[in-house]
Amino acid sequence: MTGTLTTDAPTDRVDSAGGGRRSTGATVARVLQRQGALLILAAVCVVAGIAFDNFATFGNFSAVAVQASFLAVVALGMTFVIMTAGIDLSVGSVFALGGVLAAWGSQHGALIGLLLPLAVCGLIGLVQGLIVARGGLPPFIVTLAGLLFARGLLLALSDEGATTYKVPEGSWFRQLAQGEFLGLGLTVWIVIILFLIGGVVLHRTTFGSTILAIGGQEDAADLMGLPVARTKVVAYLMCAMLAGLGGTMMASYTSSGVTVLGVGMELEVIAAVVLGGTLLTGGAGTVLGSLVGVLLLTVIKNVINMVGTLNSNWQAVVSGVILLVVVVAQRWLAKIERR
Amino acid sequence: MSSTTATAERTRTRIDLDWVRRNGVYVALVALLLFNVVATNNFLSERTLMLQLIQVTPVVIVALGMALVIGTEGIDLSVGAVMALAAAVIPLYIGYGAPLAILAALTAGLLCGALAGSIIGFVGVQPIVATLGIMVAGRGVANLLGGEIKSIREPGFVALGTGEFLGVPYVVLIAIAISLAVWFVARRTIYGRQLVAIGGNPRAALLAGLPVRRVIITTYVVCGLLAAVAGVLMAARSQASDPTKLGLLMELSAITAVVIGGTPLSGGQVRIVGTIAGALLLQLITATLIFHNIPDSTAQMAQAVIVIAAVYVQLGRRKGSS
């Protein structure tokens, strides 16, 4: 899936283009390319803040943060997988499966509600990772099959989607996502903690450097003696567990396991990661960028809801157009930078 | 090397395995057909078989376009959204008659393909991202244009969906005609050869002076156009346009059909007959599970395992041949 067709394809990466002197234009281009989503996010926030009285309020921001938190947890895992030049299409189904498992499990105790989805979703991720890393099958196909499998399992668990499991009243499992700390929903705190850990793991550990090395050039990483297969397995495992955790948080938030969730979520998550500056060819990007991508998509939804007169379908149109504009701009800026 | 007989024997088994691998999709298709002939009541009735063919037409048409795109080492995630968009355009123009409405729908597909092709060919954005953007935005536009489900009662348009010629529905005839045309284009034209060369090695193709951008853009235009055709046919069959549901997850079905038909995702090969067989196999798997009252959930899990197995078998072929 690396169908880029420019003559100057070899230096496709932001980081590898470095070295030597840089012109001011190149530096500006580099900042724009890396922080494009952040700049758009800031611009949208400023405009919305002026246009709507109730946008720039703490209440609205914390509501947006809670909405974004489910997507953000999934995007964190996807970031790691994409950085290995892989992709995980199963996250939407795994998210929904995690939610149903959590709601079902919480009837037998809050701890089961928390651990069961992590275990089952983790197992799916482990199998996907093993098939990709050891079997050498394309991640696109493996995780596509994972999407079907997880959705099938979810339907089987819920009697073809007819049964919705409820989280029992008074279970502390509900507090997981419905509770608040310092005025912010607990899911937001979970996201903040996970992204801090994710950032440290990616940028400060050997595991993180191995992930980036695999995405940069897998053969080279292999020849250097890095544990390529094991690292890839862990990346897919993490991604599925985080998707399951996202579903668990959603189940806690809505107090039930909703089977129809997560359809098309994989693509929203990939869009967020790409918006955040992570290249689908792997090897470059930041965890924080993905968070910015998620926030941008969520703020767009929020703003379109506020306009009120606008049909909610504008969300999809605006998100899609912004994605296209950002990737085209990234490409174009990368060319300027290389000059 | 010392024992020649052992080597010969190993070569023979290798060849046999290779034959199965290369023709796995046909083997599976025939096996499943035979199973149904034996185990399914009324399977061989004209009605049952024709219904299967009608149901598989959209997937075949979309998968043919997808096969060409995958041949260029690309991918098109926007096909499902393009189907919905094309169908959503129909009610807007149906007042001016069916031909104009269909023309407008096909134009919408063509424009989506041209946009994807341009972003990929000129700017060098990865196909998966470019078509993802169009997929998200396209479905949104389809919903904006179409809104809720709209029924389409124009007699000319309805005839397209329900009409028959010598007992074969128009939609099936159209799918057959498109299959032949795409096969001819992929196998017998310069464009087809250039497409495969570009997918095999884009850089070499560019250095060899092939019109890389033109071929890329043309391919996405063809894919968008075929998706629009599928969308129009589905709208004509159901006599309605449902922008939220129409073509949902079609991109995944089409990609699966192409891949189990033997076209590698890494490009450089296009297998048209395999793609059609792949689509038929997927349809027959679903139908078989329904015939035997196997719940949807089990059916989906079975499909997942079949997809992995099919790709694994092909991977063995590629390793074996190189």
Side-chain angles (χ1 to χ4, degrees), chain A residues 1-9 87 89 131 135-138 140-142 144-161 263-264 267-268 270-271 274 279-281 311-328 330-332 334-335, chain B residues 72-75 77 115 119-121 123-130 132-144 147 198-199 202-203 205-207 212-213 216 243 248-249 252 255-256 259 264-267 295-308 311-312 315 319:
Chain A
M1 236 140 311
T2 51
T4 44
L5 282 155
T6 42
T7 39
D8 46 8
I87 201 150
L89 295 180
I131 297 176
L137 266 67
F140 194 92
I141 293 297
V142 174
L144 177 59
L147 180 155
L148 287 173
F149 188 86
R151 184 66 60 188
L153 191 57
L154 159 77
L155 285 173
L157 281 173
S158 60
D159 302 320
E160 303 296 309
V263 175
L267 299 170
E268 206 179 347
I270 294 168
V274 171
L279 298 174
L280 275 175
T281 41
N311 189 311
S312 64
N313 292 308
W314 279 103
Q315 287 170 8
V317 179
V318 174
S319 306
V321 168
I322 286 190
L323 176 63
L324 288 179
V325 168
V326 168
V327 290
V328 168
Q330 275 176 355
R331 222 28 241 187
W332 179 65
K335 277 183 194 167
Chain B
T72 67
E73 207 187 348
I75 198 140
L77 296 181
L115 180 62
I119 295 175
I120 295 158
V123 191
V125 171
Q126 285 173 319
I128 189 171
V129 189
L132 173 64
I134 294 173
M135 171 195 182
V136 175
R139 178 75 62 182
V141 173
N143 276 320
L144 284 176
I198 289 167
R203 208 171 144 69
L206 196 71
L207 293 174
V212 173
R213 282 178 178 159
I216 295 275
L248 208 62
L249 295 180
L252 298 182
I255 294 167
T256 313
V259 171
L265 274 177
S266 47
D296 204 28
S297 51
T298 319
Q300 287 200 6
M301 288 192 269
Q303 273 186 351
V305 175
I306 290 165
V307 169
I308 293 282
V311 176
Y312 183 75
L315 196 80
K319 272 183 186 161

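Letters A, B, ... mirror the listed sequences (proteins, then strands); counts begin at 1.
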* For B/L252, is it the side chain, the backbone, both, or neither that has a heavy atom closer than 4.5 Å to a heavy atom of chain A? ->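 B/L252 touches chain A through backbone and side-chain heavy atoms alike.
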Please round to the nearest 0.5 Å and tell me the distance separating atom [atom1] of [X] and atom [atom2] of [Y].
X: B/M135; Y: B/I128; atom1: CE; atom2: CD1; result: 10.5 Å
X: A/I141; Y: B/T256; atom1: CD1; atom2: OG1; result: 6.0 Å
X: B/L115; Y: B/I134; atom1: CG; atom2: CD1; result: 4.0 Å

* Asked: Pick from A/V325, A/V321, A/V142: which one has the most heavy-atom pairs with chain B under 4.5 Å?
  ->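 Ranked by contacts with chain B, first place is A/V142.
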* **Most contacts with chain B, counted as non-hydrogen pairs under 4.5 angstrom, among A/L144, A/I131, A/V318** =>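 Of the candidates given, the most pairs with chain B belong to A/L144.
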* To do: Please tell me if the side chains of B/V129 and A/I270 come closer than 4.5 Å, counting only heavy atoms from C-beta onward.
  =>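 No; the side chains remain at least 4.5 Å from each other.
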What part of [X] gets closer than 4.5 Å to chain B, counting heavy atoms only: side chain, backbone, both or neither?
X: A/L147; answer: side chain
X: A/L148; answer: both
X: A/V274; answer: side chain
X: A/L154; answer: neither

* Go through the structure and list residues passing side-chain hydrogen bond (donor to acceptor under 3.5 Å, both in side chains) with A/E268, not counting sequence neighbours. =>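 Checked A/E268 against side-chain hydrogen bond (donor to acceptor under 3.5 Å, both in side chains); matches are A/K301.
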* Would you check, one step at a time, whether the test side-chain contact (heavy atoms from CB on, under 4.5 Å) holds for B/L77 with B/I255? => CA-CA 9 Å; B/L77 296 181; B/I255 294 167; 4.1 Å; yes
